[in-house]
Amino acid sequence: MKTSDFEYELPQTAIAAHPADPRDAARLLVHEIGVDRTRHKHVRDLPQLLAAGDLLVVNDTRVRPARLFGRRSGGGAIELLLLSPEPAGVPRRPSPREAWKALVKPARRLEPGEVFTIEDGALTGRAVERLPRADGAPGAEWIVELRAPHEAHDVETLIERHGRMPLPPYLRRARGAESESPQDRERYQTVYASATGAVAAPTAGLHFTSGLLGELEEHGIARAALTLHVGLGTFQPIEVEDPEQHAMHAEDYVLPQGAADAVAAARARSGRVVAVGTTSFRVLEACARPGRVVEAGAGTTRLFVRPGSSVQVVDVLFTNFHLPRSTLLMLVSAFAGRERVLRLYKEALAEGYRFFSYGDAMLLLP
């Protein structure tokens with residue numbers, strides 16, 4: 001298996017720049033793997049496509065508005081993409097001063113100790129340390145210290161108020177103050193998002209409305225939530241030709257006991273486990289235990305699902321259309337087969353489906 005085996009031609013016109021309105025009006029390619037049959041529906045048709053007793057597993061991570069713009073002490077522009085608070089894994093309380101790991105532009109011209117203002121003085125920042133890349137060379141990531149202008153304010157609240165959504169570059173939004181629209185602020189977030197920590201949306205979940213979730217429940221389709229804080233590495237292409245040499249990114253997850261119990265209950269009633277998105281899929285398989293159940297817990301996963309990997313828990317996959325040469329495309333191929341998935345992508349393009357974060361979706365059934 002080579003990374004180039006997961007390449008496909010994608011015209012720029014097929015990349016969705018804006019979401020469907022309403023959310024569940026997005027198109028849905030439905031494919032039954034066992035009989036190799038494809039139908040073309042819409043996301044709003046899910047209640048008729050799933051069965052009573054099935055379990056929908058969603059990722060309730062919430063995207064932090066983590067993109068901040070500012071000015072360096074010398075007057076030059078600076079851009080921060082906040083990745084995670086530091087030190088990682090330590091419980092946090094509201095504070096007027098916090099350390100963060102951040103992707104900084106321009107990274108090379110910044111010096112340790114340099115001070116800058118953010119969003120017209122809403123925050124101030126100080127460069128602490130430039131972090132190395134995996135090969136040891138200086139990288140674009142820094143540890144920065146953020147401060148609120150008054151002790152009565154806390155950094156996280158000011159980030160929420162002044163930060164911008166970390167939209168993927170292929171959405172082609174303007175930079176700076178025009179880097180998002182009011183629509184993006186709402187639509188690049190699932191309706192059930194609750195656990196703040198992601199720097200990218202779990203995009204399959206963007207298709208669900210409160211009304212659709214209610215209709216699924218009325219049809220006897222249960223729902224459980226887990227959390228995977230989606231990181232930048234999720235959407236990065238694999239740069240090496242041998243996937244075995246790819247350094248898989250790490251992401252923090254929580255699988256509550258209630259979700260583990262819901263999976264066991266679905267098994268007991270012969271219901272199917274439906275992963276909403278590759279992020280839910282990844283947590284479920286990382287927590288898989290004998291008997292096709294999952295064990296509750298929290299931690300960090302580097303699980304790299306690709307053709308040849310065993311799939312133990314997920315029966316049905318609801319997912320968007322993913323970037324070429326990506327770990328996400330490999331995960332979907334592990335579930336349905338590489339040749340089949342690439343054939344379905346080709347059919348989707350011919351049928352005018354829209355790709356990536358704001359694009360249409362695919363439902364892969366047994």
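Numbers for residues simply follow the sequence, beginning at 1. The structure presented is a predicted model; accordingly, all values stated were derived computationally and were not measured.
- For the pair R27 and Y353, the cation-pi test (distance below 6.0 Å, angle within 45°) is passed.
- Nearest heavy atoms, L68 versus G163: CD2-CA, 3.5 Å.
- If you chain together hydrophobic residues whose side chains sit under 4.5 Å apart, L55 and Y192 never meet in one group.
- A donor-acceptor pair shorter than 3.5 Å cannot be found between the side chains of N59 and S280.
- For the residue pair D360/H207, the side-chain donor-acceptor check at 3.5 Å is not satisfied.
- Looking only at side-chain heavy atoms (C-beta outward), R187 and Y358 come within less than 4.5 Å of each other.
- Residues R133 and D135 come closest through the heavy atom pair NH2-OD2, 2.7 Å.
- More than 12 non-hydrogen atoms from other residues, nucleotides or ligands lie less than 6.0 angstrom from CD of Q257.
- The closest donor-acceptor contact from the side chain of E79 to the backbone of V104 lies at 3.5 Å or more, if one exists at all.
- Nearest heavy-atom pair, P166 versus P65, reported as atom, atom and distance to 0.1 Å: CD-CA, 4.4 Å.
- L82 and V199 are assigned to two separate hydrophobic clusters, defined by single-linkage of ILVMFWY side chains at heavy-atom distances under 4.5 Å.
- Judged by distance alone, the side chain of H322 and the main-chain N or O of N320 form a donor-acceptor pair under 3.5 Å.
- Using a 4.0 Å cut-off between a side-chain N of Lys or Arg and a carboxylate O of Asp or Glu, R340 and D36 qualify as a salt bridge.
- For the residue pair V191 and S210, the shortest heavy atom distance occurs at CG2-N, 4.3 Å.
- Atom CG of L228 and atom CG of D252 lie 8.0 Å apart (nearest 0.5 Å).
- Tracing side-chain contacts under 4.5 Å through hydrophobic residues (I, L, V, M, F, W, Y), one never reaches I33 starting from L365; they form parts of separate clusters.
- In terms of hydrophobic clustering, with Ile, Leu, Val, Met, Phe, Trp and Tyr side chains grouped at heavy-atom distances under 4.5 Å, M362 and V58 are assigned to different clusters.
- Counting only N and O atoms by type, the side chains of T196 and R62 include a donor and acceptor under 3.5 Å apart.
- For A17, the side chain to side chain contact (heavy atoms under 4.5 Å, CB included) partners are R173, not counting sequence neighbours.
- Note on V305 and M248: same hydrophobic cluster, where clusters join Ile, Leu, Val, Met, Phe, Trp and Tyr whose side-chain heavy atoms are under 4.5 Å apart, directly or indirectly.
- Residues A127 and E111 approach most closely at CB-O, 3.5 Å, considering heavy atoms.
- Among residues at least two apart or in separate chains, ring pair (Phe, Tyr, Trp, His ring centres under 6.0 Å) pairs with a member in residues 140-164 are H150-H153.
- E251 and R282 are joined by a salt bridge, as a carboxylate oxygen and a charged side-chain nitrogen come within less than 4.0 angstrom of each other.
- Between the side chain of T117 and the main chain of D120, no donor-acceptor pair closer than 3.5 Å is present.
- Side-chain contact check for L213 versus R223: some heavy-atom pair is nearer than 4.5 Å.
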For T279 and Y253, what are the C-alpha separation, side-chain angles and deciding distance, and is it a side chain to side chain donor-acceptor pair (under 3.5 Å)? CA-CA 10 Å; T279 60; Y253 73 87; over 6 Å; no

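- Taking CG of L167 as the start and CG of D184 as the end, the distance is 4.5 Å to the nearest 0.5 Å.
- Counting all heavy atoms, side chain and backbone alike, V294 lies closest to L284 at CG1-O, 3.4 Å.
- Under a 4.0 Å N-O distance rule, the pair E141/R130 does not qualify as a salt bridge.
- With respect to E32 and R39, a salt bridge is recorded, a charged nitrogen being found less than 4.0 Å from a carboxylate O.
- Proximity of a side-chain donor or acceptor of R72 to a complementary backbone N or O of R109 within less than 3.5 Å is detected.
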For the pair R164 and E119, evaluate salt bridge (Lys or Arg N to Asp or Glu O under 4.0 Å) and give the outcome as yes or no after the intermediate values. CA-CA 10 Å; R164 295 169 176 81; E119 300 296 342; 2.5 Å; yes

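- Between the side chain of E7 and the backbone N or O of R325 there is no donor-acceptor pair closer than 3.5 Å.
- Remark: R292 engages D315 in a salt bridge (Lys or Arg N to Asp or Glu O under 4.0 Å) (not counting sequence neighbours).
- Using a 4.5 Å heavy-atom threshold, the side chains of V314 and V311 count as touching.
- Within a 6.0 Å radius of CD in E339, no more than 12 heavy atoms belonging to other residues, nucleotides or ligands are found.
- Put simply, the side chain of R338 never gets that close to the backbone of L342: no donor and acceptor are under 3.5 Å apart.
- R64 and E160 are not joined by a salt bridge, as no carboxylate oxygen comes within less than 4.0 angstrom of a charged side-chain nitrogen.
- Taking 4.5 Å as the limit, some side-chain heavy atom of L81 sits within range of a side-chain heavy atom of L232.
- Within a 6.0 Å sphere centred on CD of E151, other residues, nucleotides and ligands contribute 12 heavy atoms or fewer.
- Using cut-offs of 30° and 60° for the angle between ring planes, the F321 and Y345 rings count as perpendicular.
- Cation-pi check for R306 over F304 is met; the charged atom lies under 6.0 angstrom from the ring centroid and within 45 degrees of its normal.
- Within the 6.0 Å centre-distance limit, the rings of F208 and F318 are counted as a close aromatic pair.
- Contact check for K346 versus E9: no side-chain heavy atoms found under the 4.5 Å cut-off.
- With hydrogens and angles ignored, the 3.5 Å screen pairs no side-chain donor or acceptor of S95 with any backbone N or O of E98.
- In summary, the side chains of H246 and E241 do not present any donor paired with an acceptor at a separation below 3.5 Å, with no hydrogens or angles considered.
- No side-chain donor-acceptor contact under 3.5 Å links S310 to the backbone of Q312.
- Listed by chain and number, the residues in a salt bridge (Lys or Arg N to Asp or Glu O under 4.0 Å) with R302 amount to none (sequence neighbours excluded).
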One pair to check against side-chain contact (heavy atoms from CB on, under 4.5 Å): V293 and V313. What are the steps and the verdict? CA-CA 6 Å; V293 296; V313 177; over 6 Å; no

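- Residues I143 and K101 meet the side-chain proximity criterion, which asks for heavy atoms closer than 4.5 Å.
- Side-chain contact between E129 and L131 is present, with at least one heavy-atom pair separated by less than 4.5 Å.
- A donor-acceptor contact closer than 3.5 angstrom is absent between the side chains of Y188 and T203.
- Annotation: the span from L328 atom CG to M330 atom CE amounts to 10.5 Å, rounded to 0.5 Å.
- Rounding to the nearest 0.5 Å gives a distance of 9.5 Å between OG of S73 and CZ of F116.
- Judged as a salt bridge (Lys or Arg N to Asp or Glu O under 4.0 Å), and not counting sequence neighbours, R71 has no contacts.
- Checking side-chain atoms of R23 against main-chain N and O of L206 turns up a donor-acceptor pair under 3.5 Å.
- Rounding to the nearest 0.5 Å gives a distance of 5.5 Å between CG of L317 and CG of L364.
- Looking at residues two or more places apart in sequence or on another chain, you find a salt bridge (Lys or Arg N to Asp or Glu O under 4.0 Å) between R289 and E295.
- Looking at L329, L323, V341 one by one, the single match for side-chain contact (heavy atoms from CB on, under 4.5 Å) with Y8 turns out to be L329.
- The distance from the CD atom of E218 to the CD1 atom of I221 is 10.5 Å, given to the nearest 0.5 Å.
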